[in-house]
Q: 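The structure follows.
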Amino acid sequence: MNREKAERYLKIGLFGALLTLIGDLLIGAAKFPDGANMIDGYFAIALTMPAWRPILGGMIGFAGICLEFCGLMTVYPLIREKMPRGGRFYRLAMYVYLAVGGGAVHLPCGAFMWIYRSVAGAAGQAAGRDIALKYLLYFLLPVAVVFAVFFIGANIVQFIAFAKGRTPFPGWYCAFNLLVGKAVFNGMRQLGNTALINGIGTSNMSLGAIVMFTALLLGWKKYVGDREYAL
């Protein structure tokens, strides 16, 4: 990994994150009914938005997450020498991210809204809710748990590596982390119930990726320079 390759991969990852953001906004940028919790809110907007939105949003997000993998893998060579065990786990976690993040987590988020809308239109909202919840429980949840273990673990490794100076970047770069971005942007749901706020909350990971890839891209020349790292 050298500067030229890292910048190319980060640009691919940034483009992927922008695609994922579009997919997230198609799925979640809508006002929830007053007083509705998150699940009930998504059920409600599934009935009011055009049917193509969750379908297209899921598919675009799937493609975007696959491209994000390129940007995420630029972190691995920076930490592999000084944190060999953490580096190996990070690399494994990124392959898990590639394998299940798009097709088994993001795409089903759009699919469950489409399932609910379709069944509710044919058999009523009670039947639609029951089937959609079973889909979430039996299919999405098990994969999401596996994804979460590796996602959280990898981002903890990355946070520690940056915070403790195990990379050429300054310690404060630890803030540019998907887990941090997820917490910050999802926490913005507390600011109100609008299409914009719900869209930001739904897009917490893609927005976090945009911030992280941009920061790494801007800082690579200054902090890493032309040094090369083995993959």
Side-chain angles (χ1 to χ4, degrees), residues 1-21 61-106 143-186 203-231:
M1 178 69 70
N2 55 30
R3 176 182 160 193
E4 181 182 357
K5 184 178 290 186
E7 290 180 345
R8 183 167 67 249
Y9 284 6
L10 286 167
K11 288 176 182 177
I12 293 172
L14 182 57
F15 176 69
L18 290 170
L19 285 181
T20 309
L21 173 62
F62 164 70
I65 285 177
C66 292
L67 294 176
E68 286 179 29
F69 171 79
C70 296
L72 293 169
M73 281 299 288
T74 62
V75 174
Y76 166 66
L78 298 178
I79 65 178
R80 67 178 294 272
E81 291 185 6
K82 294 185 177 180
M83 293 182 65
R85 293 177 61 185
R88 287 194 295 270
F89 177 82
Y90 181 91
R91 181 177 60 181
L92 173 62
M94 291 305 99
Y95 281 110
V96 173
Y97 188 93
L98 175 64
V100 305
V105 177
H106 192 281
V143 179
V145 169
V146 174
F147 174 82
V149 169
F150 286 95
F151 173 79
I152 293 172
N155 281 280
I156 290 174
V157 168
Q158 179 182 330
F159 186 92
I160 292 173
F162 279 83
K164 290 191 173 183
R166 305 292 175 84
T167 78
F169 286 93
W172 53 268
Y173 252 69
C174 66
F176 301 117
N177 182 288
L178 290 186
L179 202 58
V180 174
K182 183 175 179 63
V184 170
F185 291 112
N186 200 42
S203 308
N204 57 78
M205 284 181 58
S206 54
L207 288 170
I210 289 171
V211 172
M212 186 178 80
F213 293 151
T214 301
L216 292 174
L217 188 59
L218 293 176
W220 200 280
K221 179 180 179 180
K222 180 177 181 180
Y223 299 115
V224 183
D226 294 321
R227 279 176 283 184
E228 295 186 350
Y229 293 86
L231 290 172

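Since the structure is predicted, the reported quantities are computational estimates derived from the model, not experimental observations.
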Q: For residues K82 and G165, report the shortest heavy-atom separation together with the two atoms involved.
A: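 Residues K82 and G165, closest heavy atoms: NZ-O, 4.3 Å.
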Q: Do F15 and K11 touch side chain to side chain, with heavy atoms closer than 4.5 Å?
A: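 Result no, sub-4.5 Å side-chain heavy-atom pair not found.
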Q: Do L72 and F213 have side chains that approach each other closer than 4.5 Å (heavy atoms only, starting at C-beta)?
A: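 SC-SC contact between L72 and F213 confirmed.
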Q: Contact between W220 and L10 at the side-chain level, heavy atoms closer than 4.5 Å - yes or no?
A: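 Counting from C-beta outward, W220 and L10 do come under 4.5 Å.
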Q: Aromatic ring centroids of Y223 and Y173 under 6.0 Å?
A: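 Ring-ring flag for Y223/Y173: true, centres closer than 6.0 Å.
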Q: What is the minimum heavy-atom distance between A17 and S206, and which atoms define it?
A: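 Smallest interatomic distance, heavy atoms only, reads O-CB, 3.7 Å.
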Q: Taking C-beta and beyond as the side chain, do M1 and T74 meet within less than 4.5 Å on heavy atoms?
A: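 When only atoms from C-beta onward are counted, T74 and M1 do touch, with a gap below 4.5 Å.
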Q: Taking the side chain as C-beta and beyond, is there a heavy-atom pair between R80 and R88 under 4.5 Å?
A: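 A side-chain contact under 4.5 Å is absent here.
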Q: Can you tell if the side chain of V211 reaches within under 4.5 Å of the side chain of L207, non-hydrogen atoms only?
A: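 When only atoms from C-beta onward are counted, L207 and V211 do not touch, as no gap falls below 4.5 Å.
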Q: Any heavy-atom pair between the side chains of I210 and L21 that's under 4.5 Å?
A: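 Of all side-chain heavy-atom pairs linking I210 with L21, at least one is under 4.5 Å.
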Q: Can you check whether N155's main-chain N or O pairs, donor with acceptor, with N177's side chain at less than 3.5 Å?
A: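 At least one qualifying donor-acceptor pair exists.
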Q: Please evaluate residues E228 and N2 with respect to the criterion side-chain contact (heavy atoms from CB on, under 4.5 Å), reporting the C-alpha separation (whole Å), side-chain torsions for both, the decisive distance (0.1 Å), and the verdict.
A: CA-CA 4 Å; E228 295 186 350; N2 55 30; 3.7 Å; yes
Q: If I take atom CG from residue N186 and atom CE from residue M205, how far apart are they, to the nearest 0.5 angstrom?
A: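 Rounded to the nearest 0.5 Å, the CG-CE separation comes out at 11.0 Å.
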Q: What is the minimum heavy-atom distance between C174 and V180, and which atoms define it?
A: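 Where C174 meets V180 most closely, the heavy atoms are O-CG2, 4.4 Å.
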Q: Is the backbone of I79 close enough, under 3.5 Å, to the side chain of Q158 for a donor and an acceptor to pair up by distance?
A: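 A pair under 3.5 Å: no.
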Q: With no hydrogens and no angle check, do the side chains of Y97 and E68 hold a donor and an acceptor under 3.5 Å apart?
A: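 Y97 vs E68: donor-acceptor pair found between side chains.
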Q: Where do Y9 and L216 land on the side-chain contact (heavy atoms from CB on, under 4.5 Å) test, with the steps shown first?
A: CA-CA 11 Å; Y9 284 6; L216 292 174; over 6 Å; no
Q: How many angstroms lie between CZ in R3 and OH in Y229, if you round to the nearest 0.5 Å?
A: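 Between atom CZ of R3 and atom OH of Y229 there are 13.5 Å.
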Q: Closest approach of V143 and A104, non-hydrogen atoms and distance?
A: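 Looking at all heavy atoms of both residues, the shortest contact is CG1-CB, 3.3 Å.
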Q: Nearest 0.5 Å please: distance from the CD1 atom of I65 over to the CG atom of L19.
A: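 So the gap between those two atoms works out to 10.5 Å.
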Q: Taking all atoms of both residues into account, what is the closest heavy-atom pair of A154 and M94, and its distance?
A: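 Smallest interatomic distance, heavy atoms only, reads CB-CE, 3.7 Å.
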Q: Test F89 against every option in Y76, F150, Y95, F151 by the ring pair (Phe, Tyr, Trp, His ring centres under 6.0 Å) rule and name the one that passes.
A: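 By the ring pair (Phe, Tyr, Trp, His ring centres under 6.0 Å) criterion, F89 pairs with just one of Y76, F150, Y95, F151: F150.
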Q: Set out, in order, the CA-CA distance, both residues' side-chain angles and the distance that settles side-chain contact (heavy atoms from CB on, under 4.5 Å) for M212 and L178, then state yes or no.
A: CA-CA 7 Å; M212 186 178 80; L178 290 186; 4.2 Å; yes
